[in-house]
K.L.:
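Attaching a single structure in structure tokens format; questions to follow.
Order of listing sets the numbers, starting from 1, for every ligand and every atom in it. Hydrogens, waters and symmetry mates play no part in the numbers below; they use all other heavy atoms, side chains included. Computed from a prediction, not measured in an experiment: that's the story for all the values here.
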Amino acid sequence: MEVIYKKNAEEIGIEVGDIIADLVKAKPNSVLGLATGSSPIDTYNRIVERAEKEKIDFSRVVTFNLDEYVDCGDETQTYRRFMDEHLFNRVNINKANTHFPDAAHPEKYDEEIAKAGGVDLQLLGIGANGHIGFNEPNTPFNSKTHIVELTEKTRSDNARFFKSLDDVPTKAVTMGLSTITKARKIILIATGINKSAAIALMCRDRDVSCPASVLKDNKNAAAYCDEAAAKYLL
Ligand code: F6R
């Protein structure tokens with residue numbers, strides 16, 4: 001995995017957004033693996049900016065999101081809603097081409113991705129505990145799409161989006177680590193001091209205690225880190 005250092009989140013958003021916009025221009029039927037959360041927001045804004053300016057056509061793009069909450073009582077916090085707001089409603093994507101894992105049939109997601117030809121580019125954030133998708137520490141590296149119990153750390157990190165900690169779902173359905181690593185290109189975004197320990201662990205040993213470390217020796221993976229997230233590497 002290559003580590004690319006950038007000054008701040010805005011710079012990362014521009015560079016990663018340009019990579020994705022250029023990919024869609026070159027291959028209009030690209031298959032994108034997408035993430036939610038704070039990390040990809042600047043990237044989505046850049047994609048939208050480029051799409052508007054250059055009339056980039058997203059009508060044939062196919063997307064597979066990393067994860068979705070199970071039984072999310074607050075409909076405004078579903079990851080589908082997040083993606084509508086930050087990307088899907090802002091480009092001419094065909095919503096029928098946008099996919100989220102289904103808690104009723106998690107195992108089918110890997111088949112659907114394979115049927116679509118596999119993921120060309122997978123976007124990732126990283127949790128403060130090293131999770132990618134909702135693959136919490138000690139998830140096997142060979143895992144496929146599955147249901148997870150969220151750790152208290154992840155629930156409290158995500159409580160900022162909900163009215164209270166009690167409203168944060170306790171379960172999610174996520175692509176597994178083997179699902180993620182099958183992508184032909186992987187870009188992980190990490191910004192802020194809160195991610196610095198996880199980034200250091202990710203680069204140290206390939207060990208299930210840090211799920212993101214599954215990418216350590218992956219030649220198709222790059223981590224874009226700002227100065228704060230890269231604190232222990234610089
Ligand atoms: C979101 C996801 C998570 C987040 C991670 C970081 O789809 O899969 O792994 O990428 O929790 O979240 P942020 O970017 O909000 O710090």
Side-chain angles (χ1 to χ4, degrees), residues 6 8-10 12-13 16-17 20 32-46 63-70 72 77-88 98-103 106 109 113 119 121-139 143-162 168-181 183 186-199 201-202 210-215 221-226 228-230:
K6 293 283 159 192
N8 52 40
E10 291 73 29
I12 295 175
V16 177
I20 297 175
L32 304 177
L34 299 176
T36 57
S38 319
S39 305
I41 289 180
D42 288 320
T43 299
Y44 295 146
N45 287 339
R46 179 63 170 186
T63 66
F64 288 92
N65 261 80
L66 275 169
D67 42 19
E68 180 59 284
Y69 288 122
V70 176
C72 186
Q77 294 306 326
T78 65
Y79 285 172
R80 176 168 284 284
R81 186 71 81 87
F82 176 99
M83 291 308 302
D84 283 347
E85 186 185 326
H86 291 281
L87 186 66
F88 298 160
T98 65
H99 303 88
F100 289 76
D102 178 0
Y109 208 50
I113 293 170
V119 169
L121 187 149
Q122 176 68 55
L123 196 55
L124 297 174
I126 181 170
N129 64 0
H131 74 218
I132 51 175
F134 271 130
N135 294 285
E136 301 288 15
N138 301 317
T139 304
S143 51
K144 293 184 173 178
T145 304
H146 62 289
I147 305 243
V148 290
E149 293 281 341
L150 299 179
T151 62
E152 284 316 301
K153 171 78 183 134
T154 296
R155 290 187 68 240
S156 64
D157 281 351
N158 288 3
R160 66 192 193 276
F161 300 111
F162 291 83
V168 183
T170 55
K171 285 185 189 169
V173 54
T174 181
M175 280 188 196
L177 293 171
S178 111
T179 322
I180 291 170
T181 50
I186 299 172
I187 293 183
L188 181 147
I189 294 174
T191 62
I193 194 73
N194 190 33
K195 307 294 173 68
S196 56
I199 289 296
L201 278 179
M202 175 185 82
C210 177
S213 72
V214 71
L215 303 172
Y224 282 75
C225 301
D226 72 356

K.L.:
Please report whether ligand 1 has a polar contact with H131, defined as an N or O pair separated by less than 3.5 Å (distance criterion only).
P.N.:
yes
K.L.:
Under 4.0 Å from a heavy atom of K195: give me the atoms of ligand 1 that qualify, with their elements.
P.N.:
6 (C), 13 (P), 16 (O)
K.L.:
Of all the atoms in ligand 1, which lie at a distance below 4.0 Å from a heavy atom belonging to S38?
P.N.:
13 (P), 14 (O), 15 (O)
K.L.:
So between I126, I189, N135, whose heavy atom ends up nearest atom 6 (C) of ligand 1?
P.N.:
I126
K.L.:
Check whether any heavy atom of R160 sits under 4.0 Å from an atom of ligand 1.
P.N.:
yes
K.L.:
In terms of side-chain geometry, is the basic nitrogen of D42 or R46 positioned less than 4.0 Å from the acidic oxygen of its partner?
P.N.:
no
K.L.:
Are the aromatic ring centres of Y69 and F162 under 6.0 angstrom apart?
P.N.:
yes
K.L.:
Would you mind running through ligand 1 and noting each atom that sits below 4.0 Å from a heavy atom of G133?
P.N.:
2 (C), 3 (C), 8 (O), 9 (O)
K.L.:
Going by distance only, is there an N or O of G37 that falls short of 3.5 Å from an N or O of ligand 1?
P.N.:
no
K.L.:
Kindly indicate whether the side chain of L66, heavy atoms from C-beta on, has any atom under 4.5 Å from the side chain of Y79.
P.N.:
no
K.L.:
Going by the order shown, which atoms of ligand 1 are within less than 4.0 Å of some heavy atom of L66?
P.N.:
8 (O)
K.L.:
Looking at non-hydrogen atoms alone, which of I41, T174, D67, T36 comes nearest to atom 4 (C) of ligand 1?
P.N.:
T36
K.L.:
Going by the rule side-chain hydrogen bond (donor to acceptor under 3.5 Å, both in side chains), which residues pair with T98 if we only count those two or more places apart in sequence or in a different chain?
P.N.:
R80
K.L.:
Side chains of V173 and D102, heavy atoms from C-beta outward: is any pair under 4.5 Å?
P.N.:
no
K.L.:
According to the interplanar angle, ranging from 0 to 90°, do the rings of F134 and H131 count as parallel (below 30°), tilted (30 to 60°) or perpendicular (above 60°)?
P.N.:
perpendicular
